[in-house]
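Every chain is numbered from 1, with letters handed out A, B, ... down the list of sequences.
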Amino acid sequence: MAFAISPQPPPSSLAVPTKPDRADDPHHHHLRLLQLVNDCSDISHLKQIHARALRTAAATAHDPQAHFLHSRILHASSSLSIDYTRRVFRQVENPNAFMWNALIRACAQSGDRKEEAVSLLRGMLEDGSVSPDQYTFPFALKACAYLFALSEGKQVHAQVLKRGLGPDVYVNNSLVHFYASCGVLEDAKKVFEKMPERTAVSWNAVIDALVRFGEFSAAMGLFHEMQKLFEPDGYTMQSILSACAGLGSLSLGMWAHAYILRKCDKDVVDDILVKSSLVDMYCRCGSLGMAEQIFRRMEKHNVNSWNSMILGFAMHGQAETALDYFAQMVMEEGLMPNSVTFVGVLSACNHKGMVDEGRSYFDKMINEYSIEPQLEHYGCLVDLLARAGLIDEALDLVSNMPFKPDPVIWRSILDACCKTNARVELSEEVAKQILASGGDSCSGVYVLLSKVYASARRWDDVALIRKLMTDRGVTKEPGCSLVEIYGVSHEFFAGDITHPQTEDIYQALKEVEEKLESAGYVPDVSQASMINDEHSEEKEQSLRLHSERLAIAFGLLNRKQGTPIRVFKNLRVCNDCHKVTKLISKIYNVEITVRDRTRFHHFKHGCCSCMDYW
DNA sequence: ATAGGGTTAG
């Protein structure tokens, strides 16, 4: 608050200290004012300086010096008060590009005036007396990116080219970010590829875009390219850790961790967000222990790092610990939970079927923390209720929530219907809803509906669904499991016979089955519902070939003693595989972790961490 | 003066 050039606190009345011998020198006075404006970080002081300037000759209308001073005032105010920036701007005759930029920047950085940034650029173009420059477009594009204003941004892009700013690296970085944020990965990549000059920011922008679009391997590929040219920074590493998490590859994640420690600057190593990303990566790659270790060794936590840890415990089924961490975060560190925190908390309750707690945290979020529930929060609660068998309460919640239910929500209901036989009509209704709302999850709907019919033993309807799927060209998403051995990922589809060790794998599977049978295992065919007769031979066969069986068998053949077998599966684990995996963990005395579509299962001594609730 | 820093449900 004190003026940088004033050794004493300023007198309350006036902000401008003057020296008597120079007070009459207008040039010196002007420079003094400029200096004061530049150093100003407080809007009321800025206003005082401005007022002072207006009272002196230095600020008369056509004075070029005044014009310059106003530029500085606009620039300084743009990060302090948009209203003031706008007012000053209106008073200026013939604003130059710098002044327009200051106002556009102010709007683009504000929380609620992004639209204005775009319309100002439009006004600037229509006005035509000054041309936007290489500074204008990044500001405008930032606003477009935030607003998901694809067509506006494309027009901005056209202006960029028209005005010969095509090669500008800042503008291009903004364009990459803009296209990615508007969901057009192809265009983001195109801009990146055409850039005549790139900085580390350019690489970060495109890598981040790939990660957000789920193209994790492509992101890793570009990272390796980037390393030849630039030193990765905290932004890079956060994206890379996120890619490792997406791939679910612990060895890759550990490599990235080591890379940070070995190659990155201290400020990256100590970066709280990088550390939170590490926590998140270890959670998603199945190593809750490593995640906890990093979390505990952090010298400082914030809401992000707590969220990573809480979500981690939730996805590993450790609901009590997740809730305990939530309490610690609030009570001991006095931090304010945010909406993501509650996604973690509700998801923890969900994975353990804690209905009362879930309802109570949902209320707490609204009433105690004034957080508006988002679709995700409703999603958690609906799933929690439905899976606990409270389908009517779940439906009630769906019809009363202020969002249009998305396919994920309907799926939760349908999923629950599969497990409670009596709701065939409801399931049909829900299935209709999902199919009507379109979306890309349709194949899942057919599969679920056929499971509902199967659980009601309505085989004719199961057959009908199968026919519908054939007629409509809907295919079931193939099950696929990955298992990592010595840092190499091996991929198996259901019934896969393409792996070089296929013979050994099937031999091992056979041995496993014999051991299982002598341990009293009987196949659970309840979820092999796409086979429409009651002869279970074919069903058992299809279960036997589920991708995770192959992956686990391969893991048993090749594992290093004492290390768990880690499987990453694209679909949810079926009942029978769950049962089999539990038995394998006991008979072979091996730990197996399976990362499902939604969560982790840790199999050990014949039990699973999910306690058979998933 | 200018480009990027969270996530999130199943």
*Classify the nucleic acid contact of A/Thr199 as base, sugar-phosphate or nothing, counting any heavy atom under 4.0 Å across all strands shown.*
base
*Indicate, with a heavy-atom threshold strictly under 4.0 Å, whether A/Leu375 touches base, sugar-phosphate, or nothing.*
base
*Nucleotide nearest A/Ser347 when distance is taken to its side chain, options B/dA3, B/dA9, B/dA1*: B/dA9
*Just do the side chain to side chain contact (heavy atoms under 4.5 Å, CB included) check on A/Gln318 and A/His602 with the steps written out, would you?*
CA-CA 11 Å; A/Gln318 298 201 18; A/His602 293 264; over 6 Å; no
*Kindly write out the residues that satisfy side chain to side chain donor-acceptor pair (under 3.5 Å) with A/Asp133, not counting sequence neighbours, or none if the list is empty.*
A/Asn101, A/Thr136
*Which nucleotide, B/dA9, B/dT7, B/dA3, lies nearest any side-chain atom of A/Asn338?*
B/dT7
*Measure the distance from CG on A/Asn101 to P on B/dA1 and round it to the nearest whole Å.*
12 Å
*Hey, does A/Arg599 reach any base, or is it just sugar-phosphate, or nothing, if we go heavy atoms under 4.0 Å?*
nothing
*A/Phe89 ring center near A/Trp100 ring center (under 6.0 Å)*: yes
_Among B/dA9, B/dG10, B/dT2, which nucleotide has an atom closest to any side-chain atom of A/Tyr135?_
B/dT2
*A/Leu311 CG to B/dG10 C1': how many Å, rounded?*
14 Å
*So what does A/Val274 hit on the nucleic acid, given a heavy-atom distance under 4.0 Å: a base, only sugar-phosphate, or nothing?*
base
*asked:* From the set B/dA1, B/dG6, B/dT8, return the single nucleotide nearest to any side-chain atom of A/Glu376.
replied: B/dT8
*Among B/dA1, B/dG5, B/dG6, the one nearest A/Ser276 by side-chain distance*: B/dG6
_Residues in side chain to side chain donor-acceptor pair (under 3.5 Å) contact with A/Ser412, at least two apart in sequence or another chain_ = A/Asp383
*Separation of A/Met298 atom CE from B/dG6 atom P, in whole Å?*
16 Å
_Side-chain-base donor-acceptor pair under 3.5 Å for A/Asp271 and B/dG5_ = yes
*What's the CZ-P distance between A/Phe178 and B/dA3, to the nearest Å?*
16 Å
*Which residues share a salt bridge (charged side-chain N to carboxylate O under 4.0 Å, His left out) with A/Glu393, sequence neighbours left out*: A/Arg359
_Proximity to the side chain of A/Ser308 - top-ranked nucleotide from B/dG10, B/dT2, B/dG6_ = B/dG6
*Would you kindly check whether a donor in the side chain of A/Asp280 faces an acceptor in the base of B/dT7, or vice versa, at under 3.5 angstrom?*
no
*Provide, to the nearest angstrom, the distance between the CD atom belonging to A/Gln134 and the P atom belonging to B/dA3.*
12 Å
_Of the listed nucleotides B/dT2, B/dG6, B/dA9, the one nearest the side chain of A/Asn304_ = B/dG6
*Check every atom of B/dA3, B/dT8, B/dG5 against the side chain of A/Val343 and return the nucleotide holding the closest atom.*
B/dT8
*Quick one: does A/Asp406 reach the base of B/dA9 with a side-chain donor-acceptor pair under 3.5 Å?*
yes
*What salt bridge (Lys or Arg N to Asp or Glu O under 4.0 Å) pairs are there with at least one residue in residues 152-166 of chain A, not counting sequence neighbours?*
A/Arg122-A/Glu152
*Measure from the ring center of A/Phe326 to the ring center of A/Phe342 and say whether it is less than 6.0 Å.*
yes
*What does A/Phe98 touch in the nucleic acid at a heavy-atom separation under 4.0 angstrom: a base, only the sugar-phosphate, or nothing?*
base
*Of the nucleotides B/dA9, B/dG6, B/dA3, which has the atom closest to the A/Cys380 side chain?*
B/dA9
*Round to a whole Å and report the spacing from OH of A/Tyr170 to P of B/dT2.*
7 Å
*asked:* What is the distance, to the nearest angstrom, from the CG atom on A/Asn173 to the P atom on B/dT2?
replied: 14 Å
*State plainly whether the residues A/Arg86 and A/Glu116 are in salt-bridge range, i.e. N to O under 4.0 Å.*
yes
_Let's see if you can work this out: which of B/dT8, B/dG5, B/dT2 has an atom nearest to the side-chain heavy atoms of A/Val340?_
B/dT8
Side-chain atoms of residues 139-149 of chain A: list all donor-acceptor pairs with protein atoms under 3.5 Å, sequence neighbours left out, distances to 0.1 Å.
none

_Contact list for DNA chain B against residues 348-360 of chain A - heavy-atom distance below 4.0 Å_ = A/Asn350, A/His351
*asked:* Please classify the nucleic acid contact of A/Asp233 as base, sugar-phosphate, or nothing, using heavy-atom distances under 4.0 Å.
replied: base
*Would you mind reading off the distance between A/Gln109 atom CD and B/dT2 atom P, rounded to a whole angstrom?*
9 Å
